[in-house]
Enquirer: 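Following this message is one structure expressed as structure tokens.
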There are 2 protein chains.
Amino acid sequence: MGDLDWGLLSNSVGPRVRLLRNNLNARSIAASDPFGLPTGSLTLMSLIAQNPGSSQKELADKAGITGPGLVSLVDELEKRELVRRDRSTTDRRRNMLVLTEKGEETVAEMFKVVSQIEAPIREELSPQELEQLISLIDRVLKALGEG
Amino acid sequence: MGDLDWGLLSNSVGPRVRLLRNNLNARSIAASDPFGLPTGSLTLMSLIAQNPGSSQKELADKAGITGPGLVSLVDELEKRELVRRDRSTTDRRRNMLVLTEKGEETVAEMFKVVSQIEAPIREELSPQELEQLISLIDRVLKALGEG
DNA sequence: TATTGTTATACTCTATAACTATA
DNA sequence: TATAGTTATAGAGTATAACAATA
């Protein structure tokens, strides 16, 4: 397939990142389909599970979703009783998001399925190389202000 | 900003790649704005410059764009007289794409501007680390069938 | 029958502006 | 005056299906 040369962009990460993101996104949609949840649901629920009580703004920043994007995502997850919005008592503007029991179960199930998406990556790269890749990406993200 | 933990997805590249792509995409839009060309123009023109005479299908595959997406992109670039569609004489279904002189000049100008997008990356990473990052991504892309 | 390019169409993702309620 | 969340809206990116021309 790919016997074309990137040319001027041989040392650019941008085009490659778009290719990679599109591929993973397509796989994610296919894998998430049985759950009937929008893309990003697992990412968001995983963040909530690890950081319960976070505000929507904190989660939106970390997940790289805009405010309105997060609202509709949480709306859907709340309707499905996977996530709960608890108003903070100390600052009543904030929602403290937490997973319901059903949410915890769903995260576990989804993770089993969705993590298979990256199986080809774990086959191609050694554990050290995968760690290296993630570490390099994290440093780049931080340098771009997405820490 | 980012003192939340990825949790279950600590070893997943998917969410990070989406963050990275969104950030670079936003910068790309801002940087390309003065040229009034759609996103992906530089990528496509750079591919054509390096592989003149390629068919639209070959370019679409390499750039990770669907057929219809490429058509509208080429339409725009052709209207601006940056790219020419030459019908192949041996297989008259194929368009052999080539840059015009104006296209060559525009690519050079755009590259100077757009390459600045990744300057923070080149500041954060040593040349060896950047090479490593690109090499790892290319291997992952190949493993995912995006060679 | 298969392939290249095209048209038409729809859906998802993301972004922005304006509003509310709290602080 | 500023911040968290919400609503409404628009735009870009991507996808699929159906079609024409050619192989």
Side-chain angles (χ1 to χ4, degrees), chain A residues 1 14-15 17-30 32-33 36-41 43-44 53-79 83-97 146, chain B residues 1 14-15 17-30 32-33 36-41 43-44 53-79 83-97 146:
Chain A
M1 170 196 281
V17 166
R18 186 182 52 195
L19 262 177
L20 183 52
R21 184 261 182 186
N22 287 354
N23 186 295
L24 292 176
N25 193 49
R27 289 165 186 265
S28 173
I29 289 170
S32 303
D33 190 53
L37 292 172
T39 320
S41 297
T43 299
L44 179 59
S54 296
S55 72
Q56 295 186 190
K57 182 171 190 347
E58 287 162 345
L59 292 166
D61 285 345
K62 181 68 175 185
I65 303 177
T66 56
L70 193 91
V71 168
S72 69
L73 200 45
V74 175
D75 281 349
E76 180 65 28
L77 295 176
E78 198 178 34
K79 197 195 310 174
V83 163
R84 222 174 46 236
R85 289 187 237 233
D86 290 349
R87 277 283 167 195
S88 165
T89 51
T90 58
D91 182 345
R92 290 179 36 227
R93 292 171 304 182
R94 295 165 61 96
N95 288 332
M96 306 194 325
L97 298 186
E146 301 278 351
Chain B
M1 168 198 285
V17 166
R18 186 181 50 196
L19 263 176
L20 182 53
R21 185 263 184 184
N22 286 354
N23 185 294
L24 292 176
N25 194 49
R27 290 166 186 263
S28 173
I29 290 171
S32 304
D33 191 52
L37 292 172
T39 322
S41 297
T43 299
L44 179 59
S54 296
S55 73
Q56 294 186 193
K57 182 169 191 348
E58 286 162 347
L59 292 165
D61 285 345
K62 181 68 175 185
I65 305 175
T66 55
L70 192 90
V71 168
S72 71
L73 199 47
V74 175
D75 281 349
E76 181 65 29
L77 295 176
E78 197 177 35
K79 197 194 310 175
V83 163
R84 222 176 46 237
R85 287 187 238 232
D86 290 350
R87 277 284 167 192
S88 165
T89 50
T90 58
D91 182 346
R92 289 176 40 222
R93 293 171 305 183
R94 295 165 63 94
N95 287 332
M96 308 194 324
L97 298 186
E146 300 279 350

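Proteins come first, then strands; the chains are lettered A, B, ... in the order of their sequence lines, and each starts at number 1.
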Enquirer: Any donor and acceptor pair, going by atom type alone, linking the side chain of A:Arg21 with main-chain N or O of B:Val17 inside 3.5 Å?
Expert: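 Pair absent, no side-chain N/O of A:Arg21 close to backbone of B:Val17.
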
Enquirer: Across the strands shown, which category fits A:Thr66 at heavy-atom distances under 4.0 angstrom: base, sugar-phosphate, nothing?
Expert: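 Base contact.
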
Enquirer: Nearest-nucleotide wise, let me know which of B:Arg85 and A:Gly64 is further upstream toward the 5' end of DNA chain C.
Expert: B:Arg85

Enquirer: Does one side chain, of A:Arg18 or A:Asn22, offer a donor that lies under 3.5 Å from an acceptor on the other?
Expert: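 Per modelled atom types, A:Arg18 and A:Asn22 side chains form no pair under 3.5 Å.
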
Enquirer: Between atom CZ of A:Arg85 and atom CG of A:Leu97, what is the distance when rounded to the nearest 0.5 Å?
Expert: 7.0 Å

Enquirer: Keeping A:Ser32 on the side-chain end and A:Ile29 on the backbone end, is there a donor-acceptor pair under 3.5 Å?
Expert: no

Enquirer: Could you say whether A:Ala26 or A:Gly67 is positioned toward the 5' end of DNA chain D, judged by the nucleotide with the nearest heavy atom to each?
Expert: A:Gly67

Enquirer: Hey, could you give me the CZ/CD distance between B:Arg93 and B:Gln56, rounded to the nearest 0.5 Å?
Expert: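 The distance works out to 13.5 Å.
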
Enquirer: Against B:Val74, only a single residue in B:Val71, B:Leu70, B:Leu77 fulfils side-chain contact (heavy atoms from CB on, under 4.5 Å); can you say which?
Expert: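 Of the listed options, the one satisfying the test is B:Leu70.
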
Enquirer: Grab the CD-P distance between B:Gln56 and D:dA21 for me, whole Å please.
Expert: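 Rounded to the whole Å, the gap is 17 Å.
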
Enquirer: Quick one: A:Asn23 CG to D:dT14 P, roughly how many Å, whole number?
Expert: 13 Å

Enquirer: Quick one: A:Arg27 CZ to D:dA15 C1', roughly how many Å, whole number?
Expert: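 Going from A:Arg27 (CZ) to D:dA15 (C1'), I get 17 Å.
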
Enquirer: Could you tell me whether A:Lys57 and A:Asp61 have a side-chain N and a carboxylate O separated by less than 4.0 Å?
Expert: yes

Enquirer: Figure out the CG/C1' separation between B:Leu70 and C:dT3, and round it to whole Å.
Expert: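 Computing the B:Leu70:CG to C:dT3:C1' distance gives 16 Å.
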
Enquirer: Heavy atoms under 4.0 Å, any strand shown: does B:Asn22 hit a base, just sugar-phosphate, or nothing?
Expert: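 It contacts sugar-phosphate atoms only.
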
Enquirer: Rounded to the nearest angstrom, tell me the gap between atom CG in B:Leu73 and atom P in D:dA15.
Expert: 14 Å

Enquirer: Between D:dG5 atom P and A:Asp75 atom CG, what is the distance in whole Å?
Expert: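 In whole Å, D:dG5 P lies 13 Å from A:Asp75 CG.
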
Enquirer: Rounded to whole angstroms, how far apart are CG on B:Asp33 and P on D:dA12?
Expert: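 The distance from CG of B:Asp33 to P of D:dA12 comes to 11 Å, rounded to the nearest Å.
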
Enquirer: For A:Val71 and for A:Arg21, locate the closest nucleotide of DNA chain D by heavy-atom distance; then report the residue assigned to the nucleotide nearer the 5' terminus.
Expert: A:Val71

Enquirer: Can you tell me the distance, in whole Å, between the CZ atom of A:Arg18 and the P atom of C:dT12?
Expert: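 Atom-to-atom, A:Arg18 to C:dT12, this comes out as 21 Å.
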
Enquirer: Which ones in residues 88-96 of chain B lie close to DNA chain C, meaning a heavy atom under 4.0 Å from one of its atoms?
Expert: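 B:Arg93, B:Arg94, B:Asn95, in order of number.
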
Enquirer: For B:Pro68, answer base if it contacts any base atom (sugar-phosphate contacts may also be present), sugar-phosphate if it contacts only those atoms, and nothing otherwise; contact means non-hydrogen atoms under 4.0 Å.
Expert: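 Touches a base.
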
